[in-house]
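Shown next, in structure tokens, is the structure this report addresses.
Predicted model only: the values in this text are computed from it and were never measured. Values reported hereafter were calculated over all heavy atoms of this structure, with side chains retained and with hydrogens, waters and symmetry mates removed.
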Amino acid sequence: MRTRRTKKPTQGGFTLMEVLVSLVLGAIAMIGVIALYRASTNASSFSRRSTEASVLAQDKLERLRTEIPIVGAAQVEAGTLDETGKVVVGAPFTRTWDVAIGGAGQYFDIAVEVSWPDEDVTKRVIVRGRRFI
């Protein structure tokens, strides 16, 4: 009678080198994803701040053009502003404006500047308009 020889099953799995290579490739991919996330977050933050600054500048320009009597030349907001335009200590925005008489006394040139710090650099938005006398 013949005895059957059973084949020893081959061991399956990954070698240590294959595991290390896959870990390195995964780490490289994660570094790329993190860098992309950081760039996206910075761009989103700048976009949000510049939009808020534009709204604050436009609001002040419209108030100077319509409601408020113009007295003096340059003005600075007393304190820093938050995104709603309220004066708050430690808020990111600073708003200044300049009013100059132009056109032989026929109108006022108005310039409103809103600035804020962004990564050790001061960013600013300037809005200009006129108010006819």
Within-4.5 Å side-chain heavy-atom neighbours: V112 and L64: yes
Whether T41 side chain and Y37 backbone form a donor-acceptor pair below 3.5 Å: yes
Connected via hydrophobic side-chain network under 4.5 Å: L23 and F14: yes
Any D118 side-chain heavy atom under 4.5 Å of F46 side chain: yes
4.5 Å side-chain heavy-atom contact, V114 and K60: no
Flag side-chain contact, heavy atom, 4.5 Å: E52 against F93: yes
Any side-chain heavy-atom pair of V89 and T80 under 4.5 Å: no
Joint hydrophobic cluster, V99 plus I101, side-chain heavy atoms closer than 4.5 Å: yes
Value rounded to 0.5 Å, distance of CZ in R130 from CZ in R65: 10.5 Å
Between CG on residue L36 and CZ on residue R38, distance to nearest 0.5 Å: 12.5 Å
Shortest non-hydrogen separation from L56 to R95 and the atoms involved: O-NH1, 3.0 Å
Taking every non-hydrogen atom, the tightest pair across R128 and L61: O-CD2, 3.8 Å
Note, V19 side chain near M17 side chain (heavy atom, < 4.5 Å): no
E62 side chain to D59 backbone, donor-acceptor under 3.5 Å: no
side-chain contact (heavy atoms from CB on, under 4.5 Å) assessment of T122 paired with R124: CA-CA 7 Å; T122 300; R124 60 183 44 99; 3.8 Å; yes
Gap separating the CG atom of L20 from the CG atom of L25, nearest 0.5 angstrom: 11.0 Å
Interatomic distance, W116 atom CH2 to E83 atom CD [nearest 0.5 angstrom]: 13.0 Å
Least distance between heavy atoms, G102 atom then D109 atom: CA-OD2, 4.4 Å
Least distance between heavy atoms, S50 atom then S47 atom: OG-O, 3.1 Å
Pair L81-T94, side-chain contact (heavy atoms from CB on, under 4.5 Å): steps then yes or no: CA-CA 6 Å; L81 305 171; T94 303; over 6 Å; no
Non-hydrogen atoms of I110 and R131 that approach each other most closely: CD1-CB, 4.0 Å
Where V127 and A57 come nearest, the two heavy atoms and their spacing: CG2-CB, 3.5 Å
Pairwise side-chain contact, K123 with S115, heavy-atom cut-off 4.5 Å (strictly under): no
